[in-house]
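For reference, the structure is listed below as structure tokens.
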Amino acid sequence: MNDLEQTEEKSEQTSVQESPQQNEPIQDLSSEELTSQKPVLDATPAQEVLEHDTLAVETSSEEVAAPRTRRAPKSRRPREPREKKANVRKPALRPQRNPNVFKHIITISWSGAREPVDDMFWAEAENDGAWIVVNEFERIRTRKEVLDRIVELDVSPEKPCLIAFDFNFSYPTQFFDLLKEKDNIGDWRGMISQVREDMKKNTDDGLRMWVERLGRYRESKLEPPRAPDERGRDRSKKFGDWGWNFERKGAEPHEQRSLAERYRRTDFPLRMPAGTSTMSTMNIGYNKLTSRYEFTGNEKRGRGALAGMAMLDRILDARPVDAAVWPMMTPKPLTIVEVLPWLYTEGAILDAKKLGELLQNYEDFGWEIPSQARDMAAKNPDAQRALMTLLGMVKTELRSDHRRRPIRDYDSSMYDDPQVKLEGWIYGLGYRPRSDNERDSEQDQSENLPEPGKKPARKPKKIIASVKEESLVVAD
């Protein structure tokens with residue numbers, strides 16, 4: 001018996017032995033199915049081993065040799081660049097009378113003393129974009145030289161010029177009521193024209209006429225006489241104080257306290273922080289030797305103010321088209337303003353060392369200040385105030401100093417205010433229109449003092465963060 005037959009018999013025996021142990025039912029196979037499965041049973045063991053080994057080798061080779069396949073990246077459509085929305089700034093809500101920025105600025109330290117003077121200076125600066133250059137800084141001896149320079153200035157709407165003087169341009173509104181009643185002068189332009197006319201022939205005679213007007217204004221509103229108290233403390237023992245019928249004579253008008261307004265609306269917010277820098281525009285006193293009123297104290301608020309008003313009228317007549325005095329008139333290419341140097345110096349006079357360090361910082365930021373201006377400012381307080389005022393006004397127009405207001409910040413309500421048209425306004429000081437309640441509750445600021453034995457009414461305290469903020473508060 002060959003090997004093939006032995007293997008067949010062994011396979012049949014094992015199948016017979018294993019079949020009874022299975023619980024599965026035996027399926028009847030047809031002859032066709034048996035014949036289809038017969039070639040598998042008839043296959044030789046060598047062939048089966050060969051096929052099995054070949055299959056194993058193929059599967060193992062496929063498992064080893066097959067590289068890892070990675071997913072192909074998804075194709076993305078190129079995104080279109082987003083359009084950046086331009087940040088469009090909303091236009092200012094309030095109208096601007098003068099949208100141009102003043103890049104040519106002149107400050108003049110004014111003097112009303114007898115000529116030739118020593119304390120009048122001309123300071124001029126110009127902003128060309130890259131640098132801020134102080135072109136001129138020199139001493140001027142006569143007021144006529146100032147007038148000639150202003151008349152000959154070359155200005156245009158594209159290159160406007162701003163000129164600042166440090167004297168008061170006008171007087172309180174109540175003073176105009178007296179002028180209208182006595183001299184038929186009802187507005188500011190009429191007042192400065194009359195000042196010029198009175199000072200045309202003789203300056204001293206013209207000044208004397210206006211001192212008398214100011215004296216009449218002071219005596220137009222006097223405090224009523226007070227009755228003597230029960231103890232007779234007000235009873236005078238002087239023989240000259242009693243009349244022929246043993247009645248006490250009334251005090252002279254110049255000895256009585258005046259209730260007339262002495263300050264303008266623009267002066268009120270600066271009276272406390274600035275002190276003597278904002279003296280009354282009614283800067284007069286009674287001289288018992290000459291028995292008349294005379295100018296006292298700061299000349300810029302007395303004699304100098306009248307001399308400056310006469311010069312303003314000459315400038316307006318010489319340049320009627322392109323010259324304007326702010327805020328009585330709307331700005332033009334040549335605009336003249338009233339300035340208070342205290343707003344830019346706060347009353348401090350620096351020594352040579354501190355002033356040099358301060359000006360050195362200006363040069364580091366693109367300012368060109370000549371050595372002549374440095375030396376004069378270090379030696380003369382009036383020259384230093386003129387220079388610091390010039391630098392402060394340039395920064396105000398460039399908005400580098402946010403505590404002050406450039407001219408383009410003031411809207412139409414200021415130019416329509418009748419009180420501002422008469423009294424004027426200090427350059428750089430904040431403004432807001434007054435309500436009807438504020439006008440009704442307005443009280444006169446006078447020289448009167450509290451009566452003896454009576455304490456003055458206590459006013460509520462006003463909290464102020466700093467002096468700088470107070471300078472921007474609108475006068476009430």
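On a predicted model such as this, the values are computed, not experimentally measured, just so you know.
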Audit row: Glu223, Ser258, side chain to side chain donor-acceptor pair (under 3.5 Å) steps and yes/no: CA-CA 6 Å; Glu223 183 185 21; Ser258 176; over 6 Å; no
Pair Glu294-Thr290, side chain to side chain donor-acceptor pair (under 3.5 Å): steps then yes or no: CA-CA 9 Å; Glu294 295 178 357; Thr290 59; 3.3 Å; yes
All side-chain contact (heavy atoms from CB on, under 4.5 Å) counterparts of Pro381, not counting sequence neighbours: Ile349, Arg385
Side-chain heavy atoms of Asp204 within contact of Arg114, under 4.5 Å: yes
Backbone of His402 reached by a side-chain donor or acceptor of Arg405 within 3.5 Å: yes
Side chain to side chain, Lys180 and Ile185, heavy atoms closer than 4.5 Å: no
Distance, nearest 0.5 Å, that separates CG of Leu387 from CG of Asp382: 12.5 Å
Whether Thr335 side chain and Leu162 backbone form a donor-acceptor pair below 3.5 Å: no
Counting only pairs under 3.5 Å, give me each side-chain donor-acceptor contact of residues 136-144, with atom names and distances, residues two or more places apart or in other chains.
unit_1, atom_1, unit_2, atom_2, d
Glu136, OE1, Arg149, NH1, 3.4
Glu138, OE2, Arg149, NH1, 3.0
Glu138, OE2, Arg149, NH2, 2.5
Arg139, NH1, Asp118, O, 2.5
Arg141, NH1, Val117, O, 3.2
Arg141, NH1, Asp118, OD1, 2.4
Thr142, OG1, Glu145, N, 3.4
Arg143, NE, Glu115, OE2, 3.4
Arg143, NH1, Ser111, O, 3.0
Arg143, NH1, Ala113, O, 2.9
Arg143, NH2, Ala113, O, 3.4
Lys144, NZ, Asp148, OD2, 3.1

Asp401 and Tyr344: side chain donor to acceptor below 3.5 Å: no
Tyr263 vs Arg271 side-chain heavy atoms within contact, under 4.5 Å: yes
Distance-only donor-acceptor check, side chains Trp122 and Glu124, under 3.5 Å: yes
Passing option when Tyr217 is tested against Phe175, Trp210, Tyr293, Phe176 for ring-ring contact (aromatic ring centres under 6.0 Å, His included): Phe175
Close aromatic pair by centroid cut-off 6.0 Å: Phe169 and Trp188: no
